[in-house]
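One structure is given below, encoded as C-alpha cells.
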Amino acid sequence: MPATASGGARAEEAASALSLSSSAPFCMGTRPEELAARLVAGGPGGVGGPGGGCGEGGEGEHERVLALREIKNQIIGNRTKKLLYLRLGAVPAVVAALAEPGASPAALVQAAAAAGSFACGVDDGARAVLAAGAVGHLTRLLAHPDDKVVDACARALRMIYQSKQAPMFDVNNEKNMDFLLSLLDSENENVTELAANIISYSCNSNTEQLALCGAGVPQKLVSLFGGSMNLRDACLESMTAIIRNNWEVASRFASMDHGKAFRSIVALIHDRSPRTRLLACLCLIALGHASPCHFLDRQIKTKLILVLLELIEEPGHVGDEAPLALTTLIKDSVELQKQAFSTNAVAKLSNHLLANTLQTRRAVTILLALAELCSKQEESRSQLLSGQVSTLILDALKHDCADIRVAACSCLKNISRSSKVLSAGRLSCDTVIAPLVQLLYDSSTSVQIAALGAICNIAVNLTPRKSVLLHSGVVSQLVHLSKSMDPTLRLKSVLALRNIMFLMNPKDKDLILKELTVSTLSSLICDSEHSVQEQTLALVQNLLDGYVDSVNYVTGEDGMVINAISRQLNSASATGVCIQGMLVLANMAAGNELNKEAVMDVTVPHRADRIKPSFVVNFLQSKDKQLRVATLWCILNLIYPNSDSSSTRVARLQNAGVISQVKNMINDPCLDCKVLLSLLNLGIMHILIF
C-alpha cells in the first residue's frame, strides 16, 4: 500500500533538510536549462568545465555537488519544476552521479535526495527514476560507510516506494527475504522504516503474508514500536498489510507472546499522535475482519468507535480518513452498527458535516460513514432524516464534485431501505426522485451507478406510489442505460426496471413495456453478462406476476422473448439464469392451455416427430436446490388442473425422461422439493389412472 500524499511531502521535506544551505553563488538562481546542461555534460570534469578536478575534493566535483543541490532545492514541492527538468533530461544525469565510482559522499547525498524528490508525487518522475536504474544504485549504497549517504538513500527509496510505479519486492525470493530482514535489523531507523515501507507496498497476496509471517517479520515490527513516531507508524502500516484478509496470519499474530503483541497495538489507539491512533485502529480493524474469533472483546470495539469519532475532529489526512476507517469497522455488522449508534455516531458525524463545507475529502468519507450506519439500522435512518443534515445530503446530489454526489447517493440508497421513511413521504418526488433521475444523465459513470442503486431501493419500497417514478421520466433513461457498453450500468438499470415493475398495476406495466420494447427485452435476456441475463428474466417474472395478458409480451412478436429464454435454458447458462428462466416458465405454465403449450414447446420441443432430449432432466439432477424447486414448480403447473391436455403433456414429459427423473427424486434432501414431489407424484398417478 503506497504511503499517503502527506507522508510523501514529509519525506521530501526531510530530504531538503539535508542541504538547504551554502549553495554557491554561480548556482543560486541558475536557469534550469543551464543547470541541466551542466549536469548532463557528465562527470566532475563536465560540470566543472575545463581544468576541473575529478577527485572527491576537486573543483569539478564540488561544482557538481552544488548543481545537484540547486536542482534538488528547485524541484522539492514544485511539480512544475520537476516536469521541466524531466523534459530537459536531468534525471539520468542525477542517477548517473549515484553510479559514479569515485563520487563524494556529498554528491551521493544530493543525488539521492534529488532522485527521491523526482519520484515523489509525479508518476512521470517516478518512471524516469526507475528507468534510469536508481533503485539498484540506491539499494547498493545502503551499505555505504557514510551514515549521511545511507540516510539519503533510504529516504529516496522510501519516496520511490510511495509511487504506484515502483517495482514489487518479491518476498518469496529467499535472497530478497534475507535482504529485507537485514534492513529490519539495521540500527539506522531510516533503513528500518524503508523496510516497513517496502512490506506495506509489496505485500499483496496470502503467500507473501505467510512468507513474512514465517520469517518472523511481525515480531520484528512489534519490537520496533518503541522507535521514533515515523518508524512506529510505518511498522503499523506493515502489520496491517501482513494481516489483512489472512485468517492464519491474524490468528498467529493474535496469540503471539500470549497476546502481548495484540495488546501493544490496542495500547497505541490511545497514543498522543493522531496518526498513530488512526493506524493502530486500522490494524485492529484488519485483524478483526481477518479473524473475528480473536476480536470478540466488546469493550475494545467500543473504544475503536469512540477513538475514530474523536479523530474526525483532527485536521488534515487523519481527520479525512477516520470516517472511512469507521465505515470499514462497522460494515455489514448489525452489532457494531448498534454500538456506533449507541455512542451517538450519527449525531456526531452529522454535526461535523453541518459545521463544515461540502468541499472537502472529509465530507465524502463522512457521508459514506453515515450511509453504512443507515444500512441496517432503522433508528439511524430516522435520526439522520430528522435533522438538518438530510437537507445537506440532498444538496450534495447537485454538488460539483463527483465523489460527493456518489457518497450522497450511497446515503439515500441505504436510507431508502426503510419502507417507513418512504411511506411517511419524507422522500418525495421533488426532493429526491427528481434529482436522482437527473444524475442518470451525469457525465460520471460512477455517479450514474450510485444513483441507480438509490433508485433501485426507492422503487421496490415505493410500491403504493409507483406513479411518482413513472411521471419522473426515469423509465426512458433506464431503457437508454440498459443499452450501455458498460456492463454495470446495464445491470443496475435492469435492476431498477425490475424493481419498478414489482407489484405495479397492469396499465403501468404496459407503459414500461412500450418504452422498453420486446426487442430490447429479448436482447437483454441474451446479454453477454450472466448477471444482466438473470435480472432481465426476473424483470419478466415481475411483468407476468398478477397480469394475465402480459404473457402476450412473452409469446408475441414471433416469440422473440420466449425464444430468447429457450436459447438460454438450452445452452445451460449460469445457474442463476436457469433458475430465473424456469421461474418465468412456471409463471406462464400457471396460465391457460395456450400458455402451457408454449412452455411445453420450450421444455420438451418436438423435432421431426421425435422428442428432443430435455434440459429439464439436467435441471432436476442439479446440485442447486433452488433450480430443482423452480423446475418442479414448472412441471407441477404444466399438469394441473387435470384435463385431457394434461394427460398429453404428461405423456410427452414421460417420453422425454422427465417423469422417471421425478420418481427418482423421492429422497431429495430439500424439504421444498419433497413437498412438490409428493404433489407431482399424486397428480401424475391420477392422470395415468384416469
Side-chain angles (χ1 to χ4, degrees), residues 1-8 10 161-162 193 196-204 209 212-213 217-218 221-222 224-225 229-247 249-251 253-254 256 261-292 294-295 297 300-333 336-337 339-340 343 345 349 361-362 364-366 368-369 372-373:
M1 180 180 69
T4 63
S6 59
R10 285 198 302 273
Y161 275 101
Q162 288 167 7
E193 189 177 341
N197 291 153
I198 291 173
I199 292 168
S200 298
Y201 180 79
S202 298
C203 185
N204 295 310
Q209 292 169 320
L212 290 164
C213 186
V217 170
L221 292 172
V222 172
L224 295 171
F225 284 171
M229 181 180 68
N230 285 344
L231 176 59
R232 184 176 63 236
D233 290 352
C235 290
L236 280 169
E237 287 185 293
S238 297
M239 279 304 316
T240 303
I242 294 171
I243 290 170
R244 187 181 292 115
N245 299 326
N246 192 313
W247 177 85
V249 173
S251 299
F253 177 77
M256 188 189 301
F262 172 73
R263 290 192 295 275
S264 67
I265 294 181
V266 173
L268 289 175
I269 68 174
H270 301 294
D271 192 84
R272 287 189 300 174
S273 163
R275 187 164 186 266
T276 299
R277 296 202 299 276
L278 175 62
L279 292 171
C281 287
L282 288 170
C283 190
L284 290 172
I285 291 168
L287 178 67
H289 285 175
S291 182
H294 289 99
F295 198 66
D297 191 325
I300 293 176
K301 294 175 184 178
T302 303
K303 283 181 182 178
L304 278 175
I305 293 169
L306 291 171
V307 168
L308 291 170
L309 288 173
E310 289 174 2
L311 288 173
I312 293 168
E313 303 298 328
E314 293 291 332
H317 176 78
V318 170
D320 292 345
E321 297 305 311
L324 205 57
L326 178 63
T327 303
T328 306
L329 172 63
I330 65 175
K331 189 172 179 61
D332 298 327
S333 171
L336 288 176
Q337 288 177 22
Q339 278 184 254
T343 60
L349 290 167
R361 156 81 174 164
R362 197 166 312 189
V364 175
T365 56
I366 288 177
L368 292 175
E372 191 59 40
L373 281 164

| task | Would you check, one step at a time, whether the test side-chain contact (heavy atoms from CB on, under 4.5 Å) holds for Ile242 with Leu221? | result | CA-CA 11 Å; Ile242 294 171; Leu221 292 172; 3.8 Å; yes
| said: Give me the atom names and distance for the closest heavy-atom approach of Ala261 to Phe253. | reply: CB-CE1, 3.7 Å
| request: Heavy atoms only: give me the nearest Met239-Cys283 pair and the separation to one decimal. | output: CB-SG, 3.9 Å
| Asn245: side-chain contact (heavy atoms from CB on, under 4.5 Å) partners, not counting sequence neighbours | none
| note | Smallest heavy-atom separation, Asn197 atom then Ser238 atom, equals N-OG, 4.4 Å
| query | Okay, side chain of Ser333, backbone of Ile330: is any donor-acceptor separation there less than 3.5 Å? | reply | no
| Can you tell me how far CG of Leu279 sits from CG of Leu284, rounded to the nearest 0.5 angstrom? | 11.0 Å
| note | Sequence neighbours excluded, the answer for side-chain hydrogen bond (donor to acceptor under 3.5 Å, both in side chains) partners of Thr365 is none
| request: Return the set of residues passing side-chain contact (heavy atoms from CB on, under 4.5 Å) with Thr276 (not counting sequence neighbours), or none when no residue passes. | output: Met229, Arg232, Asp233, Leu236, Leu268, Asp271, Ser273
| said: Among residues at least two apart in sequence or on other chains, which ones pass side-chain hydrogen bond (donor to acceptor under 3.5 Å, both in side chains) with Arg362? | reply: Asp320
| said: Applying side-chain hydrogen bond (donor to acceptor under 3.5 Å, both in side chains), can you list everything that pairs with Gln209, at least two apart in sequence or on another chain? | reply: Asn246
| query | Taking C-beta and beyond as the side chain, do Leu368 and Glu372 meet within less than 4.5 Å on heavy atoms? | reply | no
| field | Those residues that, when tested against Val318, pass side-chain contact (heavy atoms from CB on, under 4.5 Å) (two or more places apart) | value | Pro274, Arg275, Leu278, Leu311, Glu314
| query | Ser291 side chain to Leu287 main-chain N or O, any donor-acceptor pair under 3.5 Å? | reply | no
| query | Distance from Leu224 atom CG to Cys235 atom SG, nearest 0.5 Å? | reply | 4.5 Å
Only pairs under 3.5 Å count here: list side-chain donor-acceptor contacts from residues 321-329, not counting sequence neighbours, and write none if there are none.
unit_1	atom_1	unit_2	atom_2	d
Glu321	OE1	Arg361	NH2	3.4
Glu321	OE2	Arg361	NE	3.1
Glu321	OE2	Arg361	NH2	3.2
Thr327	OG1	Pro323	O	2.9
Thr327	OG1	Ala369	N	3.4
Thr328	OG1	Leu324	O	3.0

| said: For a side-chain contact (heavy atoms from CB on, under 4.5 Å) check, start with the C-alpha distance between Val222 and Ile265, then their side-chain angles and the critical distance, and finish with the verdict. | reply: CA-CA 9 Å; Val222 172; Ile265 294 181; 5.6 Å; no
I'd like a table of donor-acceptor pairs (distance under 3.5 Å, sequence neighbours excluded) in which one partner is a side-chain atom from residues 302-309, with atom names and distances.
unit_1	atom_1	unit_2	atom_2	d
Thr302	OG1	Arg298	O	3.0
Thr302	OG1	Gln339	NE2	2.6

| message | Return the CG to CD1 distance between Leu373 and Ile366, rounded to the nearest 0.5 Å. | response | 11.5 Å
| request: Quick one: pull up CD1 in Ile285 and CZ in Arg244 and give me the separation to the nearest 0.5 Å. | output: 11.0 Å
| field | Pairwise distance OH(Tyr161) to OG(Ser200) - rounded to 0.5 angstrom | value | 12.5 Å
| remark: One should read off an interatomic distance between Tyr201 OH and Glu237 CD, to the nearest 0.5 angstrom, of 14.5 Å
| Shortest non-hydrogen contact from Phe262 to Ala254? | CB-O, 4.1 Å
| said: For Glu310, give me all partners under side-chain hydrogen bond (donor to acceptor under 3.5 Å, both in side chains), at least two apart in sequence or on another chain. | reply: none
